[in-house]
Each structure stands twice: as C-alpha cells, then as structure tokens.
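Notes follow the structure.
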Amino acid sequence: LLPQAVSEGRMTEEDAALVKSYLTWKMSDAGISGKRLTKLYHSISGLRRYAGCPFSELDDTAFREAVIEIRSHDYADWTKSDMIGQSKAFCRWAIAEGKMPNLSLTAVEGVKTPKAPKITKTPAELPNIDEIYTIMQHPACGVQLQALLATAFWSGARISDLLRLN
C-alpha cells in the first residue's frame, strides 16, 4: 500500500518511511494482525490526506483541521473513533521519535477521541428466535452449524470469538 500511495502522490517517500517505521514498531510491540495493520495504515493515510501536508510539516493547526475533517466526514461513529485515536497514537510516537517537530504533544492530547458506539446493530436488526430456528432447520445446516448458531444467539458472543473455540 505504501509504494502505491507514493506513486499516486498521496504520500512522500519520507511519509511512507515514517509510516513503515511506525507499523513495524506496532507489529513488534503489540503483535497485531495483518488486518489491523491495514486499518492502521488507512487511518494514518487519512490523517495525511486531510492534513494536506507531509508529516514532517504537520503542525498544531493542520492536525486540528485534519481531525475536524475526519469528524465532519460521512464515516460511521466507530470509524471516526478509530481514525482519530489511531492518528493520535501515531502522532505521539512520531513526536517522541523527533519526526514531527512542528506538532506539539499538547495539541495531540488536547483532541478528544470520540467514543465508539457500544452496539453497532439495534435489537430490531438482529435475528429473532424464530428466524434462528428457521435457519437451523434448513437442510444445509448441519449439527455443528446448529450448535454454533444456538451458542451465538443465546450467549451473545461474536462469531469470530466462537470460531476460535476448540
């Protein structure tokens, strides 16, 4: 993704090197997955796009304006929360590394990260017990899938959590 961003003019070589260093640090520090890495990349590239300047020139005003742009964009609330929180984390790291000399830690910390919504689906959007039973009675639904569906419905667990069970 970084070489493409550079070739399309969305990032400078220096920006790409900085983002690569940060992502490498995050991978070694937190052991994050490839999917999470991609999400981090998109948040950081969003900050770069909305700031309108290379990271080395990012100052307090450009950072705040980028956050305002993210908040006013038609993103879902949880996406805004992620983008702002991840952008702040990246900027804190870059400031500590001496890579953003014009941006103050006070400006970064002064931006409030919006709360992500607790629920992404309303109760009306979730399947009811009759719909679950209808799915479970389908000929293609074997015993294992029936057990998975019943456990998911009654426990409220996410499918990703259930799939990790042995």
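What you see is a predicted model, and the numbers here were worked out from it, not measured in a lab.
- Taking CE of M136 as the start and CD of E131 as the end, the distance is 14.0 Å to the nearest 0.5 Å.
- At a threshold of 4.5 Å between non-hydrogen side-chain atoms, the residues P114 and D77 do not count as touching.
- Distance check, rounded to the nearest 0.5 Å: CE of M83 to NZ of K39 gives 11.0 Å.
- Taking hydrophobic clusters as Ile, Leu, Val, Met, Phe, Trp and Tyr residues chained together by side-chain heavy-atom distances below 4.5 Å, I68 does not share a cluster with F90.
- The two residues F63 and A107 make their nearest non-hydrogen contact at CE2-O, 4.0 Å.
- In plain terms, the two heavy atoms of Y75 and I70 that are nearest each other are CD1-O, 3.8 Å.
- Taking the side chain to side chain contact (heavy atoms under 4.5 Å, CB included) definition, one finds that S21 meets it with W93, sequence neighbours left out.
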Step-by-step side-chain contact (heavy atoms from CB on, under 4.5 Å) determination, C91 to L47: CA-CA 10 Å; C91 289; L47 171 65; 3.7 Å; yes
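- Taking all atoms of both residues into account, the shortest heavy-atom contact from C141 to I135 is CB-O, 3.6 Å.
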For F55 and V19: C-alpha separation, side-chain torsions, deciding distance, then whether side-chain contact (heavy atoms from CB on, under 4.5 Å) applies. CA-CA 10 Å; F55 287 129; V19 172; 3.8 Å; yes
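- Using a distance-only test at 3.5 Å, with no hydrogens or angles considered, a donor-acceptor pair links the side chain of T151 to the main chain of A147.
- Between K99 and E97, no side-chain nitrogen of the basic residue sits less than 4.0 Å from a carboxylate oxygen of the acidic one, so the salt-bridge criterion is not met.
- I129 and L149 fall within the same hydrophobic cluster, defined by Ile, Leu, Val, Met, Phe, Trp and Tyr side-chain heavy atoms under 4.5 Å apart, directly or through other members.
- Within 6.0 Å of atom CD in E109, more than 12 heavy atoms from other residues, nucleotides or ligands are found, so the atom counts as buried in its surroundings.
- With rounding to the nearest 0.5 Å, the separation of CG in L103 from CD in E57 is 13.0 Å.
- Residues R49 and E69 are not paired through a salt bridge, judged by the lack of any N-O separation under 4.0 Å between the basic side chain and the carboxylate.
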Between V6 and T12, does a side-chain contact (heavy atoms from CB on, under 4.5 Å) hold up when you go through it step by step? CA-CA 6 Å; V6 171; T12 65; over 6 Å; no
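- To the nearest 0.5 Å, atom CZ of residue R10 and atom CG of residue L2 are 9.5 Å apart.
- For the residue pair I95 and V108, the shortest heavy atom distance occurs at CD1-CG2, 3.9 Å.
- Atom OG1 of T134 sits about 11.0 Å away from atom NE2 of H138, to the nearest 0.5 Å.
- Atom-to-atom distance recorded for S87:OG and R48:CZ is 13.0 Å, nearest 0.5 angstrom.
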Go through Q86 and R36 one step at a time and tell me if the side-chain contact (heavy atoms from CB on, under 4.5 Å) criterion holds. CA-CA 11 Å; Q86 291 164 357; R36 187 72 178 159; 3.1 Å; yes
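- No donor-acceptor distance shorter than 3.5 angstrom exists from the side chain of K26 to the backbone of L37, with no hydrogens or angles considered.
- Under a cut-off of 6.0 angstrom, the local environment of CD in E8 is crowded, with over 12 non-hydrogen atoms contributed by other residues, nucleotides or ligands.
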Is there a side chain to side chain donor-acceptor pair (under 3.5 Å) between D82 and T79 once you walk through the steps? CA-CA 5 Å; D82 275 356; T79 301; over 6 Å; no
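- Between D15 and P54 the shortest heavy-atom distance is OD2-CA, 3.6 Å.
- Between P101 and S56, the shortest heavy-atom distance links the atoms CD-O, 3.9 Å.
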